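Model, not experiment: these values are computed from the prediction. Note that these values count all heavy atoms, side chains included, but never hydrogens, waters or copies made by symmetry.
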Amino acid sequence: MAKTIDARGLSCPHPVLMTLEGIKAGNEDELIVLVDSDASRENVSRAAASRGWTLDGISEESGAYRIAIRKG
Amino acid sequence: MDRMKNIFAGSWGIIGVGVVIGLLAPLLQKLGNPGNMGVCVACFERDIAGALGLHRADIVQYIRPEIIGFVLGSLIAAYLFKEFRPRLGSAPIVRFFLGVFAMIGALVFLGCPWRAALRLAGGDGNAILGLLGLVCGIWIGTLFLKGGYNLGRTQKTHTAAGWMLPLFMAGLLGLLFVFPPIAGEAKSGVLFYSLKGPGSMHAPLLISLGAGLLIGFLAQRSRFCTMGAIRDFVLFRQTHLLSGFVALIVTAFVVNFFLGQFKPGFEGQPVAHAMHVWNFLGMALSGLAFCLAGGCPGRQLFLSGEGDGDAAIFVLGMIVGAAIAHNFGLASSPAGVGPYGIPAVVTGFAVCLFIGFTMREKMA
């Protein structure tokens, strides 16, 4: 079960900061990030890619985006 | 329309939007807007405050259609691409005061970050001090962000609540049509107009409105933000938004050059003063307030258009801040800083630092 980062209701740069913190912690190979704005969805995807992580998929559930990212 | 695909979210998208703003701003100046002020969010909100009589500085009174266009253009884009999300509740009172002091700082410098860029592109060397101050203020803001500063989560709200600022803007546009300027008259119905000074200089209404709508639409799609440009570079070494800001400056420089609007120097620049320390510190205060509030004044307008009630409160804070700045002698003029400009900047820093140090929230 991948760790989930709940960044719903937060505006940037917080979702990106939280995602990068999760990546930096180094003990996860997969992360789920929840955001609820399109700008945050784009920013989190972009930030993960810049750290060499792969975007596994984005799904929409109850007005929020569930972004799955994977190391490598 | 597939909302997952946003062509403006890519590098060329944000650069393209910077180029469009860099083209339109000098053209608006050519068509009548004040010098190096083709578009200035702070100055134009200040002019709106004046037109409504919230301050009575008679040279800066005009309902600027560009500002109305920014909000409504963003609203149209948000609806078209299903991104209108009414939300609010992230410490609105704090955002109000950040807006007030962001405006006071901007009026000590005489311009928002957009105008700082346009002043540079027009050859105004004082803008270098302003931009350095902006970077410094944002850098201080990033230290707070790294330390856990956070104004908290927003909540979903009624659609109509998200419409409040767009409706206010539509109301201003209505007033402008009902009470148009009358040649030689300083008042038309409930609106004040300037007979001289920057407030009397403006491009034709429909052109200003059209340019505003186009910029609002594109900026909503691309998330264009001058504060974010610098913040993301400082925080993450990310150059995405920065490329748009740089594209704006380069394009505006080229257009100014060809229109004969590029006049390098420090003295005698339009709507500017050469008090370097206060140009630097004014914009540093603004930069810090923008960073703590999460967006430059333009971005706050675009967010308001997509239903962000907290951004709307920031906008109202800026308009009230403009009224305070001109009523109490805080705003600068080409002669230099106002009689109370310096203590106002000091107070602004004290307030922003208080907010930055005290408002932390663990989110993880």
S.K.: Output all residues satisfying ring-ring contact (aromatic ring centres under 6.0 Å, His included) with B:F70, sequence neighbours left out; order by chain, then residue number.
M.R.: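 For B:F70, the residues satisfying ring-ring contact (aromatic ring centres under 6.0 Å, His included) (neighbours in sequence not counted) are B:W114, B:F302.
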S.K.: Between B:R231 and chain A, with a heavy-atom cut-off of 4.5 Å, which part of the residue counts as in contact: side chain, backbone, both or neither?
M.R.: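 Contact with chain A involves the side chain of B:R231 alone.
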S.K.: Which atom pair, heavy atoms only, marks the closest approach of B:N6 to A:E42?
M.R.: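 Nearest heavy atoms, B:N6 then A:E42: ND2-OE2, 3.0 Å.
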S.K.: Can you tell me how far apart OH (B:Y149) and CG (A:L17) are? Round to the nearest 0.5 Å.
M.R.: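 One gets 13.0 Å once the value is rounded to the nearest 0.5 Å.
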S.K.: How would you list, by chain and number, every residue that makes a salt bridge (Lys or Arg N to Asp or Glu O under 4.0 Å) with A:R46, sequence neighbours excluded?
M.R.: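 So A:R46 forms no salt bridge (Lys or Arg N to Asp or Glu O under 4.0 Å) with any residue.
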S.K.: About how many Å separate CG of B:L303 and OG of A:S11, when rounded to the nearest 0.5 Å?
M.R.: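 The CG atom of B:L303 is 7.5 Å from OG of A:S11, to the nearest 0.5 Å.
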S.K.: So which part of A:A47 gets closer than 4.5 Å to some heavy atom of chain B, the side chain, the backbone, both or neither?
M.R.: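 Both parts, heavy atoms under 4.5 Å.
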S.K.: Do you know which two heavy atoms are closest between A:G63 and B:K156, and how far apart they sit?
M.R.: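 Distance-wise, the nearest heavy atoms are CA-NZ, 4.4 Å.
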S.K.: Can you list every side chain to side chain donor-acceptor pair (under 3.5 Å) pair that touches residues 69-79 of chain B, not counting sequence neighbours?
M.R.: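 Side chain to side chain donor-acceptor pair (under 3.5 Å) check on residues 69-79 of chain B returns B:Y79-B:W163.
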S.K.: Between CD of B:Q238 and CG of A:L20, what distance do you get to the nearest 0.5 Å?
M.R.: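 Rounded to the nearest 0.5 Å, the CD-CG separation comes out at 8.0 Å.
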S.K.: What I'd like to find out is whether the side chain of B:R85 reaches to under 4.5 Å of the side chain of A:D38, using heavy atoms alone.
M.R.: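 Sidechains of A:D38 and B:R85: in contact.
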S.K.: Of all of B:Q155, B:K146, B:R223, which one pairs up most often with chain A through heavy atoms under 4.5 Å apart?
M.R.: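 Ranked by heavy-atom pairs under 4.5 Å with chain A, first place is B:R223.
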S.K.: Any residues in residues 86-97 of chain B near chain A, with a heavy-atom distance under 4.5 Å, and which are they?
M.R.: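 Contacts with chain A: none.
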